[in-house]
Amino acid sequence: MKRHLLEAADLDRDDATLVLDTAAQIDQALAGREVKKLPTLRGRTVVNLFYEDSTRTRISFELAAKRLSADVINFSAKGSSVSKGESLKDTALTLEAMGADGVVVRHSASGAPHRLASWVKGSVVNAGDGTHEHPTQALLDAYTIRQRLGRLDGVRVTIVGDVLHSRVARSNVGLLHTLGAEVTLVAPPTLLPVGVGSWPADVGYDLDAVLPKSDVVMMLRVQAERMNASFFPSAREYSRRYGLDARRMAALPDDAIVMHPGPMNRGMEIAAEVADSVRSTIVEQVANGVSTRMAVLYLLLGGNA
Ligand code: NCD
């Protein structure tokens, strides 16, 4: 494994499989235990550096570090010296001086974790940078697919919606390809990035045509906060063409699953009855996020070293 986890490409097939297998071992070790805690990272310090809003990812990393017995510092830009204009570099050096072994960072600027990695001695884990990457989301998604379907190799994964603004899509395309899955992107042309043709994925525009050939449908949130222009005529029109409702879900093969990284716009990209159906893995994804992040922290911070 590399020292940092900044993007999906940092993991080759063996590394990615090691993370998933380690997460499975952690799940097994903790199953049925009353005290869900391992002593592995006792004496280590993990800093959660969140410059952008987050609910599940921040809590998930915090819980993961705590379940490994690390000391955890939660830093959010609001209420810190960042609001006084302190730069990312000075913040990083301050944390470094306090002896952080691992820094988990979320930032609205694509590439911020890469910069950070050049300033600190500890391991940097990217928890989402701008529209760039979100590698631990891709790992927990891969873990969830493997858990539900028993394999990743040859699994047909369709990723639907706001690919343009989605770091989840970018990381998933990379990691799923590394792990042997076949990815298809379905989106309105306005929500596909320039250069998508060079991604290791097929591109389609007709959701109804792709659904019967999908083992996994991953719905993306329409990221209105990143949109500075009108990318589609109306919410209703978007939902009609690219939303997953019960009728569309019925076109999936019998054992196909429906995923969403959260937070969801219910009624927009996904209907409530789909989100709450037995095919939906949305709650499992959140649970698997904790064990997958435990595996990442354990492997990067070298628990036994
Ligand atoms: C995603 C994110 O922040 O990139 N959410 C998450 O981490 N679970 C996806 C999103 O915001 O739509």
Side-chain angles (χ1 to χ4, degrees), residues 5-8 23 48-65 74 76-78 104-114 125-145 157-176 185-188 191-193 216-228 231-232 235 238-239 242-244 257-270 274-275 280-294 296-297:
L5 178 56
L6 304 176
E7 54 192 30
N48 288 323
L49 201 56
F50 278 67
Y51 285 86
E52 206 188 60
D53 295 344
S54 171
T55 306
R56 68 215 87 220
T57 304
R58 190 180 55 74
I59 294 173
S60 182
F61 269 110
E62 179 174 356
L63 198 55
N74 290 312
S76 64
K78 270 189 210 116
V104 177
V105 59
R106 168 167 288 200
H107 203 288
S108 58
S110 301
H114 288 73
V125 181
N126 180 1
D129 62 329
T131 58
H132 180 226
E133 289 245 9
H134 192 357
T136 60
Q137 178 70 42
L139 284 165
L140 76 88
D141 288 337
Y143 185 82
T144 305
I145 295 171
V157 182
T158 302
I159 302 180
V160 187
D162 186 0
V163 177
L164 179 63
H165 300 104
S166 180
R167 51 201 180 200
V168 174
R170 272 176 194 71
S171 287
N172 260 299
V173 168
L175 188 76
L176 286 168
L185 301 168
V186 178
L191 288 177
L192 285 170
V216 176
V217 197
M218 188 181 291
M219 303 307 296
L220 301 172
R221 183 173 66 88
V222 175
Q223 306 205 8
E225 81 279 17
R226 297 192 204 279
M227 295 187 187
N228 52 10
F231 287 89
F232 45 84
Y238 180 89
S239 170
Y242 297 100
L244 191 62
I257 57 172
V258 175
M259 310 182 76
H260 193 302
M264 287 182 269
N265 297 307
R266 285 177 183 252
M268 178 91 166
E269 69 267 358
I270 190 165
V274 175
S280 160
T281 61
I282 295 166
V283 177
E284 285 156 59
Q285 285 169 266
V286 176
N288 291 338
V290 179
S291 25
T292 312
R293 289 173 177 128
M294 284 175 80
V296 168
L297 292 174

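Both ligands and their constituent atoms are indexed starting at 1 by order of listing. Residues take their numbers from the sequence shown, with the count starting at 1.
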Q: Please identify each residue that fulfils salt bridge (Lys or Arg N to Asp or Glu O under 4.0 Å) with R106, with sequence neighbours left out.
A: none
Q: Begin with the C-alpha distance, continue with both residues' side-chain angles, and end with the deciding distance and a verdict on side-chain hydrogen bond (donor to acceptor under 3.5 Å, both in side chains) for T144 and Q285.
A: CA-CA 6 Å; T144 305; Q285 285 169 266; 5.6 Å; no
Q: Under 3.5 Å, is there a donor-acceptor pair linking the side chains of E269 and N265?
A: yes
Q: Write out the protein residues near ligand 1, meaning a non-hydrogen atom under 4.0 Å from one of its atoms, in order of chain and number.
A: R56, T57, R106, H134, Q137, R167, V168, R221, Q223, P261, G262, P263
Q: Using the test salt bridge (Lys or Arg N to Asp or Glu O under 4.0 Å), find all partners of E52 that sit at least two apart in sequence or belong to another chain.
A: R167, R226
Q: Quick one: list whatever passes ring pair (Phe, Tyr, Trp, His ring centres under 6.0 Å) with F232, sequence neighbours left out.
A: Y238
Q: If you measure from CG on L176 to CG on D141, what distance do you get to the nearest 0.5 Å?
A: 7.5 Å
